[in-house]
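Each remark here refers to the structure printed beneath this line.
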Amino acid sequence: MKAKTLKGTRDFLPEQIAKRKYIFGIIEDVFKKYAFSQIETPAMEEMSTLSGKYGEEGDKLLFKILNNGDFLEKADEKALLEKDSFKLAPTIAKRGLRYDLTVPFARFVVNNQNDLVFPFKRYQIQPVWRADRPQRGRYQEFYQCDADVVGSDGLLYEAELVQIYHEVFKKLGIGVQIKINNRKVLFGLAEAAGIADKFVDMTIAIDKLDKIGKEGVEKELSERGVSLESTEKIFKMLEVTHFEDLRPFFNEGSEGIKGLDELKQVYDFISCTQIKNLVFDVKLARGLGYYTGCIFEVAVDTHIHEGFVMGSIGGGGRYDNLTSSFGLPNMSGVGISFGAERIFDVLTELNLFPPNVESKSSIVLMAMDQNSLVYAFQVASTLRDQGLNVDIYPESGKLKKQIKYAVDKGVKYAGIIGDQEVADQVVMCKNLETGEQRALGLEDLMSVISRG
RNA sequence: GAGGUUGUAGCUCAGUCGGUUAGAGCGUUAGUUUGUGGCACUAAAGGCCGUGGGUUCGAUCCCCAUCUUCCUCCCCA
């Protein structure tokens, strides 16, 4: 048997865990500060909960779990005979792994609506799974950190979420641009160009403007049946830098105007803060179908971190009808997500992790002989009772080996114990960074190592 | 899902135009040194050459399949 992790999954070494906890910790602290409460949902959900929520592509990326027991008994025989996997799958796999945290959250809200206080502000930090092809910064198992509010359409929440983005990335030391747009504005764009029916096609195409350029978008639009005239109109509107400049293009009372009004409200809230990096981006579309209002995306600011290229490290938006498919209509929600895996890569590449993210034990006790080892064990217990992190080498003798263990683990102090120390009731405390050492009683030892 | 790429010791990587016993550096273990990290020297352990099949007298090498790594597209975090 070969020891390896599955495709797109990773083991995390102690140092990596420490760094990940650092990221999660900062995000969590900010979430809490804005009065969000943590929930968790199961890794598995009914396939009926998951499928159909992420579009055709998304369905293909869902991990399905084979039913237990005699799963073929209830299988669709015709599909089985015809080797029709897509038809067969639902009859042999009723469960799947969650694809994101938002859809399970919608299910959660409907399920527990009687026990929740609305507007309900929740955050959730858990892994999700996608059968995607792995790439740089993309895995089949990865963590999402989500904060959502449901049960209010107040635009104050959009502003709060922008603040959260701003605060988290400031604490992490990453210079970012928080991009904002509004699906209603995008709809207005399509309407003004006379292609309201091709709204989705249009958003998908213009989202790629930075990637494939103007010509690429033109080509994609014409392939999707958009006339040249409409395309020209769209490009004219895409040139604006401020959202108010779009107002003349839209008819009074239209969706587009509503979207602009929403953006204005968000900016009104933000204008009283120190936030300078909230930028309107008319090209921002976001693929997920369920967004209906403001949408967000966070990217590393390439002016601050020159030449740094990385996909978005956070995204979110307003969705009006997420819970309606679970039988609870008129429940508006808005949320954001942090891409923890990519944030990890950004911090690594920009060297922004603070030193000493890993909390190490403060001392390794080492004994010269069996009798000393028993004494060392006793010392360890005493120190641990005082709240110190103490390690002890499991066998006596061979100081060289024991010191190497302490050094390799990055521990600062070695506590050497032999006949003499046991007799004097002391520990030979050696600072492994400076090489200094002296015999200390327990009281002194405690104060030395707790100083770090 | 489409295209490309990678896989040889714990790690990084050589190598064999198809031929006896597959190498290096680093690391590991032991010793020189039974109360002290480094360096040096000595020695040892460690490999179905990703997996399965094919061609061949003979395959780690060539062919096919499959899994895996990394990358591009799609989509996303």
Side-chain angles (χ1 to χ4, degrees), chain A residues 1-10 13 23 27 54-62 85-86 98-102 125-146 203-205 207-208 211-212 216 220 285-289 291 296-300 309-316 335-346 364 366-370 372 393 395-422 427-439:
Chain A
M1 198 182 352
K2 181 132 185 169
K4 60 177 168 186
T5 59
L6 281 171
K7 177 166 76 171
T9 65
R10 300 152 293 164
L13 292 162
I23 296 171
I27 293 172
Y54 309 104
E56 213 177 301
E57 288 298 313
D59 276 358
K60 284 186 202 158
L61 302 180
L62 285 171
S85 306
F86 291 102
R98 62 165 169 252
Y99 178 89
D100 71 359
L101 299 180
T102 310
I125 300 176
Q126 288 190 275
V128 303
W129 294 268
R130 295 181 188 179
D132 211 348
R133 187 162 294 201
Q135 266 177 59
R136 174 184 146 83
R138 176 184 294 191
Y139 306 94
Q140 293 201 340
E141 179 184 64
F142 63 98
Y143 274 75
Q144 284 192 332
C145 313
D146 279 23
T203 56
I204 291 171
D207 192 32
K208 296 180 195 161
K211 226 176 201 172
I212 60 179
E220 186 141 344
R286 296 199 52 79
L288 290 173
Y291 292 122
F296 308 103
E297 200 160 290
V298 181
V300 174
V309 183
M310 172 74 73
S312 72
I313 53 178
I336 55 170
S337 181
F338 286 85
E341 319 294 342
R342 286 188 182 171
I343 292 171
F344 184 97
D345 289 344
V346 171
V364 177
M366 36 195 83
M368 300 311 303
D369 54 67
Q370 189 60 28
S372 306
Y393 198 80
E395 50 205 82
S396 57
K398 281 275 187 310
L399 257 195
K400 179 173 170 166
K401 205 170 170 183
Q402 302 197 51
I403 286 184
K404 189 170 175 352
Y405 169 80
V407 170
D408 286 349
K409 285 194 73 169
V411 176
K412 188 172 175 185
Y413 291 105
I416 302 162
I417 295 167
D419 288 344
Q420 196 59 49
E421 284 78 12
V422 175
V427 171
M428 183 60 76
C429 178
K430 181 183 177 85
N431 182 325
L432 294 170
E433 286 163 14
T434 63
E436 289 171 82
Q437 67 177 44
R438 57 196 167 118

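In what follows, chains carry the letters A, B, and so on, assigned in the order in which the sequence lines appear, proteins first and then strands, with residues in each chain numbered from 1.
- Atom NZ of A/K208 is surrounded by more than 12 heavy atoms from other residues, nucleotides or ligands within 6.0 Å.
- Comparing B/C73 with B/U12, their P atoms are spaced 27 Å from each other, to the whole Å.
- Counting heavy atoms of neighbouring residues, nucleotides and ligands inside a 6.0 Å radius, atom CZ of A/R10 exceeds 12 of them.
- Note that CZ of A/F344 and CD1 of A/I23 are 6.5 Å apart. Values are rounded to the nearest 0.5 Å.
- Across every strand in view, B/G27 sits unpaired, with no contact that passes the Watson-Crick or G-U test at under 3.5 angstrom.
- Contact of A/R138 with B/C75 (side chain to base): a donor-acceptor pair of N or O atoms is detected under 3.5 Å.
- The phosphate of B/C75 (OP1 or OP2) has a side-chain N or O of A/K208 nearer than 4.0 angstrom.
- Taking atom P on both B/U8 and B/A45, the two are 23 Å apart, rounded to the nearest angstrom.
- The pairing partner recorded for B/C62 is B/G54, the criterion being a Watson-Crick or G-U wobble arrangement whose two distances lie under 3.5 angstrom.
- In terms of position along RNA chain B, the nucleotide closest to A/K60 lies nearer the 5' end than the nucleotide closest to the other residue of the pair A/N431 and A/K60.
- Following rounding to the nearest Å, A/E433 (CD) and B/G38 (P) show an atom-to-atom distance of 16 Å.
- Taking the side chain as every heavy atom from C-beta outward, A/Q140 and A/W129 never approach each other to under 4.5 Å.
- There is a side-chain donor-acceptor pair under 3.5 Å between A/D146 and A/S337.
- Heavy atoms of A/G314 sit under 4.0 angstrom from primed sugar atoms or phosphate atoms, though from no base atom.
- Taking every side-chain heavy atom of A/I204 into account, B/C75 is the closest of B/C75, B/G37, B/C71.
- In this structure, A/K412 and A/N431 have side chains that are in contact, with non-hydrogen atoms separated by less than 4.5 Å.
- Two residues are said to be in side-chain contact when any heavy atoms from C-beta on lie closer than 4.5 Å; A/Y54 and A/L61 fail this criterion.
- Between A/F142 and A/V128 the shortest side-chain heavy-atom distance falls below 4.5 Å.
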Is there any protein nitrogen or oxygen under 3.5 Å from a nitrogen or oxygen in nucleotides 26-28 of chain B, and what are the pairs?
| unit_1 | atom_1 | unit_2 | atom_2 | d |
| --- | --- | --- | --- | --- |
| B/U28 | OP1 | A/K404 | NZ | 3.0 |

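- With contacts defined as side-chain heavy-atom distances shorter than 4.5 Å, the pair A/L399/A/M368 qualifies.
- For the pair A/R98 and A/P127, the minimum side-chain heavy-atom distance is below 4.5 Å.
- Base contact: A/Q135 has a heavy atom under 4.0 Å from a base atom.
- Below the 3.5 angstrom threshold, one finds a donor paired with an acceptor across the side chain of A/R342 and the base of B/C76.
- Rounded to a whole angstrom, the distance from the C1' atom of B/G47 to that of B/A40 is 29 Å.
- Dashed line: the shortest gap from a side-chain N or O of A/R286 to OP1 or OP2 of B/A77 is under 4.0 Å.
- Residue contacts for A/I343: at a heavy-atom cut-off of 4.0 Å it reaches no nucleic acid atom on any strand shown.
- Pair assignment for B/G1: B/C73, on the basis of Watson-Crick or G-U wobble contacts that are both within less than 3.5 Å.
- Inter-residue side-chain proximity for A/D100 and A/Q144 is flagged as met; some heavy-atom pair is nearer than 4.5 Å.
- Going from atom OH of A/Y291 over to atom C1' of B/C75 covers 14 Å, rounded to whole Å.
- Within the 4.0 angstrom heavy-atom criterion, base atoms lie near A/G435.
- Using a 4.0 Å heavy-atom criterion, one finds that A/R136 contacts the sugar-phosphate atoms exclusively.
- A distance of about 10 Å separates the C1' atoms of B/A14 and B/G25, rounded to the whole Å.
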Pairs: protein N or O with nucleotides 31-35 of chain B N or O, under 3.5 Å:
| unit_1 | atom_1 | unit_2 | atom_2 | d |
| --- | --- | --- | --- | --- |
| B/G31 | OP1 | A/K398 | NZ | 3.4 |
| B/G35 | O6 | A/E421 | OE1 | 3.2 |
| B/G35 | N1 | A/E421 | OE1 | 3.1 |
| B/G35 | N1 | A/E421 | OE2 | 3.0 |
| B/G35 | N2 | A/E421 | OE2 | 3.1 |

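- Using a 4.0 Å heavy-atom cutoff across all strands shown, A/G8 reaches sugar-phosphate atoms only and no base atom.
- Between B/U32 and B/C39, the distance separating the two C1' atoms is 14 Å to the nearest Å.
- If you find the closest nucleotide of RNA chain B to A/L432 and to A/E297, the one lying nearer the 5' end belongs to A/L432.
- B/A22 sits 8 Å from B/U60 when the C1' atoms are compared, rounded to a whole Å.
- Nucleotide B/U20: unpaired (no Watson-Crick or G-U wobble partner with both distances less than 3.5 Å).
- Separating the CZ atom of A/R130 from the P atom of B/C76 is a distance of 9 Å, rounded to the nearest angstrom.
- As judged by a 4.0 angstrom heavy-atom cut-off over every strand, A/Y139 is placed among the base-contacting residues.
- No aromatic stack links A/F338 and the base of B/A77, using centre distance under 5.5 Å and interplanar angle under 30°.
- Nucleotide B/U32 is matched to B/A40 when pairs are restricted to Watson-Crick or G-U wobble geometry with both distances under 3.5 angstrom.
- For the C1' atom pair drawn from B/U55 and B/G46, the interatomic distance equals 33 Å after rounding to whole Å.
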